[in-house]
Amino acid sequence: MKLATKLIHAGAEPDPSTGAIMTPIYQTSTYVQAAPAQHKGYEYARSQNPTRKALEDAYAIIENAAYGLAFSSGVAATDAVMKLLNPGDEVIAASDMYGGSYRLFSKVWQRYGIKFNYVDTTNTDNIQAAINEHTKLIWVETPTNPLMNITDIEAVATIAKAAGALLCVDNTFASPYLQNPLNLGADIVMHSATKYLGGHSDVIQGALMMNDENLREQLYFIQKSCGAVPGPQDCFLVLRGIKTLGVRMKAHCENGIAIAHWLRNHPKVAKVYWPGFEDNKGYAIAKKQMNGFGGMISFELKNESIEEAKRVLSSTHLFSLAESLGGVESLINHPATMTHASIPREERIKNGLSDSLIRLSVGIEDADDLIEDLKKAIG
Ligand SMILES: *Cc1c(COP(=O)(O)O)cnc(C)c1O
């Protein structure tokens with residue numbers, strides 16, 4: 001079955017009690033048992049909920065995975081993966097990744113005796129060089145946030161397998177419409193479903209997808225033991241969002257192409273970060289492992305002052321100044337003071353994330369209107 005069809009039907013069985021075509025929001029904390037321990041597979045809603053189950057089935061289907069698990073946020077999903085580790089274990093993680101992942105690793109998990117090696121994963125030699133007998137997990141994000149750097153998932157999967165380490169890919173920016181890391185050899189896919197999967201900026205949620213049954217059992221155990229589960233209403237919203245992921249991503253990609261090229265030709269723009277340019281260093285790999293380049297674009301102005309960046313950021317009308325991404329409406333963001341403020345400045349600059357960098361989450365409005373908005377703001 002093609003993805004466009006799967007997205008509409010994934011996880012959606014007519015409700016057994018009424019035939020309702022949409023999975024109902026099972027707003028319940030517990031389930032009545034016929035006799036002690038005689039139940040219908042549902043005992044207590046932290047462990048099982050039918051709305052969550054429909055969504056978890058959908059998560060598995062859209063990533064070509066055997067299993068899906070839903071969490072109360074993207075970072076809760078990431079946190080669950082970290083709980084597979086033991087003190088003394090080492091993680092190799094991307095030096096340029098979502099600020100919240102870096103914060104979780106460096107400020108929380110490091111205190112529990114997990115060691116993190118941050119490397120530029122776009123050059124897989126750096127990953128190979130950081131491997132040692134304690135390496136248990138490789139954490140990759142591609143494209144990265146916000147510099148759109150591309151890492152070769154298949155190459156990293158080969159390194160991970162040889163080292164006996166798990167590979168987890170944060171696939172939030174690409175969405176399952178553009179990239180399926182499990183097909184390329186990854187062990188776990190993580191999504192902030194808050195972004196493209198939900199798609200309407202109205203829910204916080206995270207997802208993990210995997211093929212290995214044992215891994216699924218461990219992660220399910222962590223999910224129910226630690227309790228970072230999403231409520232049924234949030235599951236309903238993401239189930240609904242997934243149905244339009246195909247048409248939305250198509251529109252995000254088309255608008256992305258138009259805006260990336262327009263920005264690149266603007267005399268006041270110094271550099272545009274978007275993997276769809278043939279001279280982008282990640283282009284060949286992006287072309288190989290993605291089905292499109294998405295709607296995330298970052299750029300730098302020729303005037304490098306933070307004041308000029310702030311002026312542009314405050315001058316758009318259709319692009320709302322906000323953190324987050326992946327919704328139908330366009331957003332504009334200043335990584336240095338917003339999404340990536342938790343990364344120390346020195347570290348940020350070293351990773352190529354300048355004070356004047358501006359990030360766009362291109363929505364699905366008309367591209368001409370979006371360009372007009374940017375034109376007025378940049379001047
Ligand atoms: C937003 C985001 C996260 C964190 O997800 P939440 O749902 O906000 O907890 C992780 N990775 C990436 C790439 C993100 O954009």
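Along the sequence shown, the residues carry numbers beginning at 1. Side chains included, hydrogens not; waters and symmetry mates left out as well; all remaining heavy atoms used. Just so you know, ligand 1 is whichever comes first in the structure, and atom 1 is the first atom listed for that ligand.
Looking at N145 and R359, their side chains do bring a donor and an acceptor atom within 3.5 Å of each other. Side chains of Y112 and N86: no donor on one and acceptor on the other come within 3.5 Å. A side-chain donor from one of E56 and Q223 sits under 3.5 Å from a side-chain acceptor of the other. E90 and N117 are linked by a side-chain donor-acceptor pair at a separation below 3.5 angstrom, with hydrogens and angles left out of the test. Side-chain contact check for S320 and E329: no donor-acceptor pair (N or O, by modelled atom type) lies under 3.5 Å.
For atom 1 (C) of ligand 1, the closest non-hydrogen atom on the protein side is K195 NZ, 1.4 Å. Nearest non-hydrogen protein atom to atom 10 (C) of ligand 1 is Y98 CD2, 3.4 Å.
For W109 and F116, the ring centers are positioned 6.0 Å apart or more. Annotation: H252 is not in aromatic contact with Y177 [ring centroid separation under 6.0 Å not met].
Checked by distance only, ligand 1 and F173 stay at 3.5 Å or farther apart across all their nitrogen or oxygen atoms. The shortest N/O to N/O separation between G74 and ligand 1 falls below 3.5 Å. For a threshold of 3.5 Å applied to N or O pairs, the pair formed by T194 and ligand 1 contains at least one separation below that value.
Taking a cut-off of under 4.0 Å to the non-hydrogen atoms of Q205, the atoms of ligand 1 that pass are 7 (O). Near D170, with a cut-off below 4.0 Å to any heavy atom, the atoms of ligand 1 are 10 (C), 11 (N), 12 (C), 13 (C). Applying the 4.0 Å criterion to heavy atoms of E141 picks out, from ligand 1, the atoms 13 (C). Ligand 1 places these atoms under 4.0 Å from at least one heavy atom of L325: 15 (O).
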